[in-house]
Amino acid sequence: MPKKWLSEILSINKEKWMCGRFAQVIKYQDLKKMTEELKIKESSEQLELNYNVAPTNIVAAVVAKDDWRYMGFFRWGLIPSWSKKIPEQALINVRSESILEKPSFKTSFLRRRCLIPANGFYEWRKTDKQPFFIKAKGDNLLYLAGIYDAWYGPDGSYIPSLGIITTSANDFIQPLHERMPLLLNPSLYDTWLNPAAQNPQELQLLLTVPSEIELEMYPVSRRVNKPENNDADCLKPIAH
DNA sequence: CCAGACGTTGTT
DNA sequence: GTCTGG
DNA sequence: CCAGACGTTGTT
DNA sequence: GTCTGG
């Protein structure tokens, strides 16, 4: 029996998820800056450095309980609280356009919004699968808009999880992809994080505001393809 | 009322 | 949990 | 998102 | 191709 599987002969690779990989490498200075900017009351001394965040990884996110803003840790891939089991396909992205119509997302959107700090996110060019890193101009952190929930497994396990909200790509991202993560303008952070803000129409409006955040992108090594390659080289620009 | 689903992406 | 379909 | 597996039987 | 795992 030859060791060739059908896939090697038929190999047709479909692109699937939009924002399917990002970087969360938040060192002391950035952590300090973020804590001030977002008025976080409780955080860690330091965060795990993840240059290549893949679905199901644990990520840090800013959330609020009443007036108390803190850093929480969540599995990337939303598990609705009522799920009987962990969804087979991780719900890593949430379409902003239909968020209020989806039972899996609606309540989390109305009551449990978060911001996921990221250095930037990875995107694979459709034509040649060349990976790119997309980040804010300069070295400012990006904050990806997300929603979270808490899930208790039948065995008593407790898993907080989140999903990243997506929207149609702006002119900058368009050449690469149709979709992009929702990047709120900083003036909207307060409302976004406020769990008392629960008006569906007002919240939905936040999803339609075009981002004013200036972005830049550059190609990176295909090493990033493999989630276990998790080091600074993932972020380095390579020659075109 | 109960049963059953509950998601995204892109391409064809 | 919440919504849709029968 | 990409990577990697993808099967069965019974015997050692 | 389809599914699971990270």
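Keep in mind it's a predicted model, so treat the numbers as computed, not measured. Chain A is the first sequence line, chain B the second, and so forth, proteins listed ahead of strands; every chain is numbered from 1.
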Quiz item: Linking Ile, Leu, Val, Met, Phe, Trp and Tyr by side-chain heavy atoms under 4.5 Å, what else ends up with A:Y158?
Solution: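 Besides A:Y158, the cluster holds A:Y152.
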To the nearest Å, give me how far apart [atom1] ([X]) and [atom2] ([N]) are.
X: A:W151; N: B:dC6; atom1: CH2; atom2: P; value: 18 Å
X: A:R125; N: B:dT9; atom1: CZ; atom2: P; value: 22 Å
X: A:E88; N: E:dG6; atom1: CD; atom2: P; value: 15 Å
X: A:W124; N: B:dT9; atom1: CH2; atom2: P; value: 16 Å
X: A:R179; N: B:dT8; atom1: CZ; atom2: P; value: 9 Å
X: A:Q24; N: E:dG6; atom1: CD; atom2: C1'; value: 16 Å
X: A:M180; N: B:dG10; atom1: CE; atom2: P; value: 13 Å
X: A:R21; N: B:dT9; atom1: CZ; atom2: C1'; value: 15 Å

Quiz item: For A:K129 and A:N225, does a side-chain donor sit closer than 3.5 Å to a side-chain acceptor?
Solution: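 No, because no side-chain N or O of A:K129 sits under 3.5 Å from a partner of the opposite role on A:N225.
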Quiz item: Is there a donor in the side chain of A:D155 and an acceptor in the side chain of A:S157, or the other way round, less than 3.5 Å apart?
Solution: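 On atom types as modelled, these side chains qualify, holding a pair under 3.5 Å.
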Practice problem: Remember a base hit wins even if backbone is also touched, and classify A:F105 as base, sugar-phosphate or nothing at under 4.0 Å, heavy atoms. | Solution: sugar-phosphate
Kindly write out the residues that satisfy side-chain contact (heavy atoms from CB on, under 4.5 Å) with [X], not counting sequence neighbours, or none if the list is empty.
X: A:L49; answer: A:V25, A:K27, A:Y51
X: A:K226; answer: A:E228, A:N229
X: A:L205; answer: A:T208
X: A:S221; answer: A:R223, A:I238

What interatomic distance, in whole Å, is found between [atom1] of [M] and the corresponding atom of [N]?
N: E:dT2; M: B:dT12; atom1: P; answer: 14 Å
N: E:dC3; M: D:dT9; atom1: C1'; answer: 24 Å
N: B:dT11; M: D:dC2; atom1: P; answer: 12 Å

Quick one: is [N] close enough that its OP1 or OP2 comes under 4.0 Å of any side-chain N or O from [X]?
X: A:S98; N: B:dT8; answer: yes
X: A:R95; N: B:dT8; answer: no
X: A:H177; N: B:dG10; answer: yes

Quiz prompt | Residue pair A:L142 / A:A136: nearest heavy atoms and the distance that separates them | solution =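 That would be CD2-CB, 3.7 Å.
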Practice problem: Return the nearest nucleotide to the side chain of A:L91; candidates are B:dG7, B:dT9, B:dT11. | Solution: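 In terms of side-chain proximity for A:L91, the closest of B:dG7, B:dT9, B:dT11 is B:dG7.
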Exercise. Would you please name every residue forming a side-chain hydrogen bond (donor to acceptor under 3.5 Å, both in side chains) with A:E42, sequence neighbours left out?
Key: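 Listed in chain order: A:W68.
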Quiz prompt | For E:dT4, the Watson-Crick or wobble counterpart (both distances under 3.5 Å) | solution = D:dA3
Practice problem: Could you pull out all residues at least two apart from A:R69 that satisfy salt bridge (charged side-chain N to carboxylate O under 4.0 Å, His left out)? | Solution: A:D190
Are any protein N/O atoms closer than 3.5 Å to N/O atoms in nucleotides 1-5 of chain C? If there are, list each pair with its distance.
unit_1 : atom_1 : unit_2 : atom_2 : d
C:dG1  : N3     : A:W82  : NE1    : 3.3
C:dC3  : OP1    : A:K106 : NZ     : 2.9

Might you list the N or O atoms of the protein lying below 3.5 Å from N or O atoms in nucleotides 1-4 of chain B, with each pair's distance?
none

